[in-house]
Colleague: 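Here's a structure for you.
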Amino acid sequence: MSNSSINLLVAEDADGERVDRFLAESLPQYSREYLKQLISQDCLQVNGKTVTKPAFALTEGQELTLSVPELKPLTLSPEEIPVEIIFEDEHLLVVNKPSGMLTHPSGKELTGTLVNALLHHCHGQLSGINGIERPGIVHRLDRQTSGLLMVAKNDIAHRGLQDQLRDRTAKRQYRAIVQGEMPELQGVVNAPIDRNPQKRDKMAVMPGGRSAVTHWEVTDPIGRKMTVLRLTLETGRTHQIRVHMAHIGHPVFADPLYGSGLEKQLKYKCDGQILQAFRLQFTHPVSGEAMSFEIPPDDKFLQAWAFLDAWIQ
């Protein structure tokens, strides 16, 4: 499949500007994150030489050539899978993803995901910014984490929502049951996260990793052994809440990757971490309306809470 080339000239007012910012301002039809991906994939040349760093500083008079891959035809199959729609209009949806469902297909699983369900529900009308495997997906939840997700039906909505996540104006809150008694009623974990070099399926707090900030607040102590928290993400790194809570010694209960295995000791059977994305707040990217959505604890959360409360009593 062929690529299309876009040629740009660096004007005087862009001298010294980052190349990813320059491209985002010059090509508003593409998100800055997508342009960064193209840069990292050897799709950009400056004066005939390949540039792979988004932070590359431009100089007046330089000629840029960006190679943009043509959109591939969608090959994923729409599936009639029930999914709870919290809100929907012609531009976006807010959905309640159940625990156990992948947000989008992976290399091993191409069916049964939220994307498959949405392709059927929306008759294929989803944004294409994230490519053929993640149409409409602005942000994601881990398979065993349930709760609210924003989904874009078109690229205008997708870019608007993506910008709000980048600028930290969209608010995402979670509830979780974590082990132990918290030392204070509220706090902040500010610790960089990167891929675990020893175990590639895990993330870890790593010096030099990407900035990650999680705010937490106690809502309900469960004796002195467990605590229900409300958590607010300032950033959105992979496994962020799970990594941060384990890092400060209060892992999310029943977390198969970062937990202590307490659920196995108690012989409590569940399908992963007790973590739910329960509140979303953002501005509608087209109408400008303030949007806010909240859902109650689901059955998985309530059952774990009741079990732990009885165990502690």
Side-chain angles (χ1 to χ4, degrees), residues 86 94-99 103 138-150 164-194 202-205 209-260 262-263 270-282 291-305 308-309:
I86 304 298
V94 174
V95 302
N96 183 12
K97 186 191 81 69
S99 175
T103 300
V138 181
H139 60 127
R140 60 181 291 275
L141 293 174
D142 300 333
R143 182 201 289 266
Q144 308 303 352
T145 300
S146 62
L148 299 176
L149 280 171
M150 300 179 288
Q164 291 180 55
L165 289 174
R166 180 199 65 211
D167 298 337
R168 305 180 184 181
T169 56
K171 304 299 182 184
R172 291 168 289 166
Q173 288 191 313
Y174 294 69
R175 56 170 61 98
I177 299 178
V178 302
Q179 290 182 219
E181 183 179 22
M182 306 303 290
E184 306 287 343
L185 292 179
Q186 59 185 20
V188 180
V189 185
N190 186 345
I193 291 176
D194 206 343
K202 297 179 66 174
M203 307 299 288
V205 168
R210 300 182 71 188
S211 171
V213 182
T214 304
H215 299 259
W216 57 264
E217 180 181 356
V218 174
T219 61
D220 294 276
I222 308 177
R224 292 181 175 272
K225 296 183 179 180
M226 310 294 293
T227 307
V228 179
L229 295 182
R230 177 167 57 241
L231 304 114
T232 303
L233 290 182
E234 192 171 311
T235 54
R237 308 306 175 210
T238 300
H239 299 174
Q240 179 173 317
I241 288 173
R242 301 164 64 190
V243 171
H244 273 174
M245 290 300 100
H247 176 68
I248 64 172
H250 299 278
V252 177
F253 179 62
D255 189 330
L257 277 181
Y258 307 99
S260 67
L262 176 62
E263 74 282 0
C270 65
D271 63 351
Q273 62 272 3
I274 308 303
L275 179 64
Q276 181 190 29
F278 78 97
R279 182 181 292 157
L280 265 180
Q281 293 173 290
F282 59 92
M291 313 290 286
S292 181
F293 304 94
E294 184 173 334
I295 54 175
D298 58 16
D299 289 345
K300 175 183 174 181
F301 199 98
L302 292 174
Q303 288 168 8
W305 191 344
L308 291 169
D309 193 46

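We count residues from 1, following the sequence as given. Note: hydrogens, waters and symmetry copies are ignored here, and every other heavy atom, side chains too, is used.
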Colleague: Would you mind telling me which of L165, L141, L148, L231 makes a side chain to side chain contact (heavy atoms under 4.5 Å, CB included) with R172?
Modeller: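 For R172, the side chain to side chain contact (heavy atoms under 4.5 Å, CB included) test succeeds with only one of L165, L141, L148, L231, which is L165.
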Colleague: Could you state the interatomic distance from CG (D255) to OG (S260), rounded to the nearest 0.5 Å?
Modeller: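 If I round to the nearest 0.5 Å, the distance is 9.5 Å.
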Colleague: For the side chain to side chain contact (heavy atoms under 4.5 Å, CB included) test, which of I193, L257, D194 pairs with V243?
Modeller: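 With V243 as partner, I193, L257, D194 yield a single side chain to side chain contact (heavy atoms under 4.5 Å, CB included), made by I193.
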Colleague: Can you list the steps and then say if H215 with Q186 is a side-chain hydrogen bond (donor to acceptor under 3.5 Å, both in side chains)?
Modeller: CA-CA 8 Å; H215 299 259; Q186 59 185 20; over 6 Å; no
Colleague: Quick check against the 3.5 Å criterion: does Q240 have a side-chain atom that pairs as donor or acceptor with the backbone of V213?
Modeller: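 Confirmed, Q240 side chain pairs with V213 backbone.
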Colleague: Is the positively charged end of R175 above the ring of F278, judged by distance under 6.0 angstrom from the centroid and angle within 45° of the axis?
Modeller: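 That pair qualifies as a cation-pi contact.
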Colleague: Could you go step by step and tell me if L233 and T214 meet the side chain to side chain contact (heavy atoms under 4.5 Å, CB included) rule?
Modeller: CA-CA 5 Å; L233 290 182; T214 304; 4.1 Å; yes
Colleague: Quick check: does any side chain N or O of S99 sit under 3.5 Å from a backbone N or O of Q144, one acting as donor and the other as acceptor?
Modeller: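 Between the backbone of Q144 and the side chain of S99 there is a qualifying donor-acceptor contact (under 3.5 Å).
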Colleague: Please find the pair of heavy atoms, one from W216 and one from V218, that lie closest to each other, and give the distance.
Modeller: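 For W216 versus V218, the nearest heavy atoms are CZ3-CG2, 4.0 Å.
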Colleague: For the residue pair P251 and G259, what are the closest heavy atoms and their distance?
Modeller: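 Looking at all heavy atoms of both residues, the shortest contact is CB-CA, 3.9 Å.
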Colleague: Can you list the residues that meet the salt bridge (charged side-chain N to carboxylate O under 4.0 Å, His left out) rule with R237, with sequence neighbours excluded?
Modeller: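 Checked R237 against salt bridge (charged side-chain N to carboxylate O under 4.0 Å, His left out); zero matches.
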Colleague: Using modelled atom types and a 3.5 Å cut-off, is there a donor and acceptor pairing between side-chain atoms of K97 and backbone atoms of D142?
Modeller: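 A pair under 3.5 Å: yes.
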Colleague: From Q179 CD over to M226 CE, what is the distance, rounded to the nearest 0.5 angstrom?
Modeller: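 One finds 5.0 Å between CD of Q179 and CE of M226.
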Colleague: Looking only at atom types and distance, does a side-chain atom of Y258 sit under 3.5 Å from a main-chain N or O of M203, one as donor and one as acceptor?
Modeller: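 Pair found, side chain donor or acceptor close to backbone of M203.
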Colleague: Test of understanding: with salt bridge (charged side-chain N to carboxylate O under 4.0 Å, His left out), list the residues that count as partners of R166, not counting sequence neighbours.
Modeller: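 D163.
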Colleague: List the atom of G272, the atom of P256, and the distance in Å for their closest heavy-atom pair.
Modeller: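 Here G272 and P256 meet closest at CA-CD, 4.1 Å.
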Colleague: Quick check against the 3.5 Å criterion: does K300 have a side-chain atom that pairs as donor or acceptor with the backbone of L275?
Modeller: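 Judged by distance alone, no pair lies under 3.5 Å.
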Colleague: Which distance, rounded to the nearest 0.5 Å, do you find between the CE of M245 and the NE2 of H250?
Modeller: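 It is 8.5 Å, given to the nearest 0.5 Å.
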Colleague: How about W305 and I274: do any of their side-chain heavy atoms sit closer than 4.5 Å?
Modeller: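 A side-chain contact under 4.5 Å is absent here.
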Colleague: Could you grab the distance from atom OH of Y174 to atom CZ of R230, nearest 0.5 Å is fine?
Modeller: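 Here the interatomic distance stands at 15.0 Å.
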Colleague: Out of curiosity, R242 CZ to T145 OG1, how far, rounded to the nearest 0.5 Å?
Modeller: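 Nearest 0.5 Å value for the CZ-OG1 distance: 6.0 Å.
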Colleague: Looking only at heavy atoms, what is the nearest atom pair of A191 and H244, with distance?
Modeller: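 What the structure gives for the nearest pair is O-NE2, 2.9 Å.
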Colleague: Kindly give the heavy-atom pair with the smallest separation between M150 and H139, and that separation in Å.
Modeller: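 Taking every non-hydrogen atom into account, N-NE2, 2.9 Å.
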Colleague: Taking all heavy atoms of A277 and all of I295, pick out the closest pair and write down the distance.
Modeller: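 Scanning both residues completely, I find the closest heavy atoms to be O-CD1, 3.8 Å.
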Colleague: With a 3.5 Å distance limit and no angle check, can you tell me whether K171 reaches the backbone of R168 through a side-chain donor-acceptor pair?
Modeller: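 Yes: the side chain of K171 pairs with the backbone of R168.
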Colleague: In this structure, which one of V178, I177, I222 forms a side chain to side chain contact (heavy atoms under 4.5 Å, CB included) with T227?
Modeller: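 Testing T227 for a side chain to side chain contact (heavy atoms under 4.5 Å, CB included) against V178, I177, I222 leaves exactly one candidate, V178.
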Colleague: First locate atom CG of L262, then atom CG of L308, and finally report the distance between them rounded to the nearest 0.5 Å.
Modeller: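 These two atoms lie 7.5 Å from each other.
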